[in-house]
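If you read the sequence from its start, that first residue is 1, and numbering goes on from there. Every value quoted in this text rests on a predicted model; they were computed, and no experiment measured them.
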Amino acid sequence: MKINTGKLILLITSLMLFDTAVWAQPCQNPEPVWEDNFDGTELDLSKWEPMIGNGCSYGICGWGNNELQYYRAENASVANGLLTISANKERVGGQNYTSARLRTASLPNGGQWTNGRFEARIRIPDGEGMWPAFWMLPTDPDQGWPVSGEIDIMESTGQADEYVSGTIHYGPPYPNNLFTSNRLLSQPEPWSADFHIYGLEWEPYEMRWYVDDQLYARLNPGDIGDASYWTFEDHQYHFLLNLAVGGTLGGTVNDALLPQTMLVDYVRVYDRGQPSLVGDRIVDAGETTAYSVTGATGDNPDFSWNIPSGATLVSGSGTDRIVVSWESSGTVSVNVTDSCGSRDLNLPVYVAPKLIPEITLDDFETSGELTYTFFDGTFVQDAANPQPDGTNSSPTVAQYIRSSAAQYDVIIAATSAIQDAAPFLSGAKAFYMDLLTSAAPGTQILVQLEDSAVATAGNYPTGRHSKYAAYTGGEGGWQRLKFELDDRIDGGTADNAVDSLVILFAPDSYSGDTYYWDNFAIYGLGLPGGAQVTASDRACSGLHCNPGSSTGVGKLPQDRNN
């Protein structure tokens, strides 16, 4: 909820002031108050300042994140309507890589703002070790980072380009800094496959993050624990565009994939908000979900929806909210017409393929595909089923009593069942598990894939390929859980290197709950003969061939702070 309805100040270069009526009565088409469409043949140095070096001249060697690149002006070029930021393998200034970092602070035609709509159309890179970002910092912070705040409109990494995130940094100075972040997942294709519009609408005491026409996150002071840390309204913020190499978030660099590029079509600041869509972009076949229009609309709005042939409109025709039942992928679109004009909104929806059992990892009755090598808690592999029901009537299940002395209680098992982990990233394969527990609803369970020859107890995240999360429900009895991608952890761990599987019940806690689990299995597309899913198979499970929400608060290393 908003805790202040006072004046909205949109500070542009000429220091023009806009009242909250700009947001409350948006009966004009949104117009850019600042923009760069990169239409020329070189970077406009009246708008963008290239930052040079390894960060030491700014007082933050490694740019505060142990980054590996030397920033140069030459790595930012403009041609054919695009800004290209290139990351190259070349030794300059004692660093093994070069790239570019640009900012708009304190320039004749640059920009500094408090509140507004900020967006850029970007195609991010996909190489391991790349760390692209579109973000904002206070131009004249009155205290050390991040007391005066940092706003990340879009961040991603090449090794986990299935995700983009929006984040705010705040709180006490480093190393006691805090952050709150939300991510958006794209399947089967990652965000790097195409251009997308990454946006932020920032009103007094509320921020909202967008990808294309989808609103996926919002934050206000009540969401960060201590509202006094919300110092964003006290400062003017400028843009930064950069492509970091390596570092605390970028991870291990794959030199074979260099050079890499971050492509920017435009950057714009608008004087008002815009309508958008709220709803899931990834659903299961047979699932029913709601989609609604939110944001700035004028008087007497009319909503004309269009849904794809693989979906059924359940309710809501002509209103601002519809309910859709899904069978195959397609795009939900709506034309919003009101006293302000007309706008088309679109949200592509990926219907995950129907998966069938392919490999039983362990049913605790017959031989399985796991050899358990370590566990922190008490593990009984032949326990009697304490509550047989329609979901699980097996007489024998596993019992696991979590160790309350272990913050990250792990079960480690060797396996040769995962020859290729790539289909798990695209959603063409998934882990399933039957679970019975009295643990609180929403308790997280993780499955993590590792290369045991590399991963050790003290070198996280090295050797960890990816992790998948499921959450307990509120219903009693046995539950059938599907694990969904939670992170691509170490891009240096190849898809064919996984030989170890780690299960964590209630990670990052000291709970001692008891879990009964069974029928731990891999589901997939069920290709003949158990064949592995190929890249073409994964593409054909997506939007193009139509086959048959995370928040965290915690400490980060010293993020970008200049």
Assess, by modelled atom type and distance only, whether the side chains of [X] and [Y] contain a donor and an acceptor separated by less than 3.5 Å.
X	Y	result
Asn242	Ser99	no
Thr493	Asp451	no
Asp161	Ser192	yes
Trp478	Gln387	no
Asp518	Ser394	yes
Tyr266	Glu119	yes
Asp302	Ser304	no

Within the distance-only criterion (no hydrogens, no angle test), does the side chain of [X] pair as donor or acceptor with the backbone N or O of [Y] below 3.5 angstrom?
X	Y	value
Arg121	Asp265	no
Asp490	Gly463	yes
Ser403	Thr378	no
Asp376	Val410	yes
Asn459	Val454	yes
Glu162	Leu185	no
Glu450	Ala455	no
Asp389	Thr391	yes
Gln187	Leu425	yes
Gln214	Gly279	yes

Check the orientation of Phe424 and Phe431. Use parallel for under 30°, tilted for 30 to 60°, and perpendicular for over 60°.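 Rings of Phe424 and Phe431: parallel, under 30°.
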What is the ring orientation for Phe505 with Tyr515, classed by angle as parallel under 30°, tilted 30 to 60°, or perpendicular over 60°?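 Parallel: the ring planes of Phe505 and Tyr515 meet at under 30°.
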Do NZ/NE/NH1/NH2 and the carboxylate oxygens of Lys467 and Asp486 come within less than 4.0 Å?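 Salt bridge flag = yes for Asp486 with Lys467.
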Between Arg343 and Asp213, does any side-chain N to carboxylate O distance fall below 4.0 Å?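 Salt bridge between Arg343 and Asp213, a charged N being under 4.0 Å from a carboxylate O: yes.
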Which pair of heavy atoms, one from [X] and one from [Y], lies closest together, and at what distance?
X	Y	answer
Val245	Ala87	CG2-CB, 3.9 Å
Leu361	Ala417	CD2-CB, 3.8 Å
Ser165	Tyr216	C-OH, 3.4 Å
Thr360	Ala521	CA-CB, 4.1 Å
Ser466	Tyr468	OG-OH, 2.7 Å
Ala421	Leu449	CB-CD1, 4.1 Å

Rounded to the nearest 0.5 Å, what separation is found between the CE atom of Met433 and the CZ atom of Phe520?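 If I round to the nearest 0.5 Å, the distance is 4.5 Å.
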Straight-line distance of Leu184 CG to Tyr198 OH, nearest 0.5 Å: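 Going from the CG atom of Leu184 to the OH atom of Tyr198 covers 9.0 Å.
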Positive for side-chain contact (heavy atoms from CB on, under 4.5 Å) with Arg281, one of Thr289, Val332, Leu347: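 Going through the options one by one, the only one that passes is Leu347.
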Assess Lys89 against Tyr97: is NZ or CZ under 6.0 Å from the centre of the six-membered ring, and within 45 degrees of the ring's axis?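 Because its charged atom sits under 6.0 Å from the ring centre and within 45° of the axis, Lys89 does stack over Tyr97.
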Pair Met262-Leu241, side-chain contact (heavy atoms from CB on, under 4.5 Å): steps then yes or no: CA-CA 9 Å; Met262 174 181 176; Leu241 284 168; 3.9 Å; yes
Could you check, using the six-membered ring where one of them is a Trp, whether Phe379 and Trp517 have ring centers closer than 6.0 angstrom?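 So the answer is yes for these two rings.
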Centroid separation Tyr432 to Tyr523 less than 6.0 Å: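 Aromatic pair counts; centres sit under 6.0 Å.
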Would you find more than 12 non-hydrogen atoms of other residues, nucleotides or ligands less than 6.0 Å from Asp194 atom CG?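 Result for CG/Asp194: enclosed.
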Residues Arg218, Asp223; criterion salt bridge (Lys or Arg N to Asp or Glu O under 4.0 Å); working and verdict: CA-CA 9 Å; Arg218 67 174 75 220; Asp223 297 320; over 6 Å; no
Close side-chain approach of His169 and Asp152, heavy atoms under 4.5 Å: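 Result yes, sub-4.5 Å side-chain heavy-atom pair found.
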Could you walk me through whether Tyr372 and Gln381 pass the side-chain contact (heavy atoms from CB on, under 4.5 Å) test, one step at a time? CA-CA 10 Å; Tyr372 300 98; Gln381 299 182 46; 3.6 Å; yes
Set of residues satisfying side chain to side chain contact (heavy atoms under 4.5 Å, CB included) with respect to Asp508, sequence neighbours excluded: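 Asp508 satisfies side chain to side chain contact (heavy atoms under 4.5 Å, CB included) with Gln407, Tyr408 once adjacent residues are dropped.
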